[in-house]
Amino acid sequence: MNKATIIDDAITYITGLQNHVKGLSERLIEMETVEGEKQGSEEDTTEEIEKFQIEDEVKVTCIDEHRLWLKVICESKRGRFTKLMETINGLGFGITDTNVTTSKGVTLIMFCVEVRYGKL
């Protein structure tokens, strides 16, 4: 692969990510509108998750030779965040930055990890 191909692939990938972010933002606005109209129980939250077709998702972006940016979307369940952090540490990554957001039964976890052993 030459540099032009790598740059072209990176541009294509970033454009795809931007479109994905736009779609998720629209879904979030739609979900917030629904929440503003009604307050629900846990059963309603489960119905909303199914309605908006939110599925577990993991995205990994390479920042540089030693760092990765990870984004995890999953259903909110007790102990899931702790298990994820233990697994990441067990794989030889050091967590340098973390952001956790929970809304309507869905958890968004974004974090930066640094490779402790070798290169990516």
Side-chain angles (χ1 to χ4, degrees):
M1 292 181 100
N2 60 28
K3 288 183 181 183
T5 304
I6 293 170
I7 291 172
D8 186 49
D9 289 345
I11 291 170
T12 302
Y13 180 72
I14 290 170
T15 303
L17 287 176
Q18 289 172 333
N19 291 336
H20 188 68
V21 166
K22 183 179 177 183
L24 289 174
S25 296
E26 290 170 356
R27 283 177 33 194
L28 180 61
I29 290 169
E30 188 178 321
M31 289 172 70
E32 288 173 345
T33 302
V34 169
E35 180 64 25
E37 294 172 359
K38 69 173 187 174
Q39 291 183 348
S41 65
E42 191 163 320
E43 289 178 10
D44 290 337
T45 302
T46 303
E47 290 173 11
E48 286 181 9
I49 290 171
E50 291 172 4
K51 176 183 174 186
F52 294 109
Q53 300 173 347
I54 296 172
E55 298 177 9
D56 291 353
E57 180 180 335
V58 177
K59 296 283 183 176
V60 180
T61 305
C62 185
I63 297 174
D64 60 27
E65 282 187 342
H66 299 283
R67 293 186 304 160
L68 297 171
W69 183 255
L70 287 91
K71 179 177 100 172
V72 178
I73 299 174
C74 60
E75 185 178 351
S76 298
K77 288 192 176 179
R78 186 177 197 95
R80 206 173 248 190
F81 177 75
T82 303
K83 187 173 182 178
L84 177 63
M85 295 298 112
E86 289 171 353
T87 302
I88 295 295
N89 282 321
L91 291 172
F93 295 103
I95 300 168
T96 58
D97 184 25
T98 306
N99 182 354
V100 179
T101 305
T102 302
S103 177
K104 301 178 187 173
V106 178
T107 300
L108 168 63
I109 306 167
M110 295 185 295
F111 49 97
C112 183
V113 297
E114 200 167 317
V115 179
R116 289 189 229 161
Y117 314 111
K119 293 183 180 179
L120 295 176

[atom2] on [Y] to [atom1] on [X], rounded to 0.5 Å:
{"X": "Glu114", "Y": "Phe93", "atom1": "CD", "atom2": "CZ", "result": "11.0 Å"}
{"X": "Ile109", "Y": "Leu70", "atom1": "CD1", "atom2": "CG", "result": "10.5 Å"}
{"X": "Ile95", "Y": "Cys112", "atom1": "CD1", "atom2": "SG", "result": "10.0 Å"}

Applying a strict under-4.5 Å side-chain criterion to I, L, V, M, F, W and Y, I'd like to know whether Leu28 and Leu24 cluster together.
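Result: no, two separate clusters.
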Can you check whether [X] reaches [Y] side chain to side chain, under 4.5 Å on heavy atoms?
{"X": "Ile73", "Y": "Asp56", "value": "no"}
{"X": "Leu108", "Y": "Val72", "value": "no"}
{"X": "Val100", "Y": "Phe111", "value": "no"}
{"X": "Val58", "Y": "Val60", "value": "yes"}
{"X": "Cys74", "Y": "Val106", "value": "no"}

Any pair counted as side-chain hydrogen bond (donor to acceptor under 3.5 Å, both in side chains), so long as it reaches residues 79-99, sequence neighbours left out:
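Output for this query lists Asn89-Arg116.
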Which pair of non-hydrogen atoms, one from Leu68 and one from Cys62, has the smallest distance, and what is that distance?
CD2-CA, 3.7 Å
Identify every side-chain donor-acceptor pair in residues 9-23 under 3.5 Å, counting partners at least two apart or on other chains, and give the distances.
from, atom 1, to, atom 2, distance (Å)
Thr12, OG1, Asp8, O, 2.9
Thr15, OG1, Ile11, O, 2.8
Asn19, ND2, Thr15, O, 3.4
His20, NE2, Glu57, OE2, 2.8

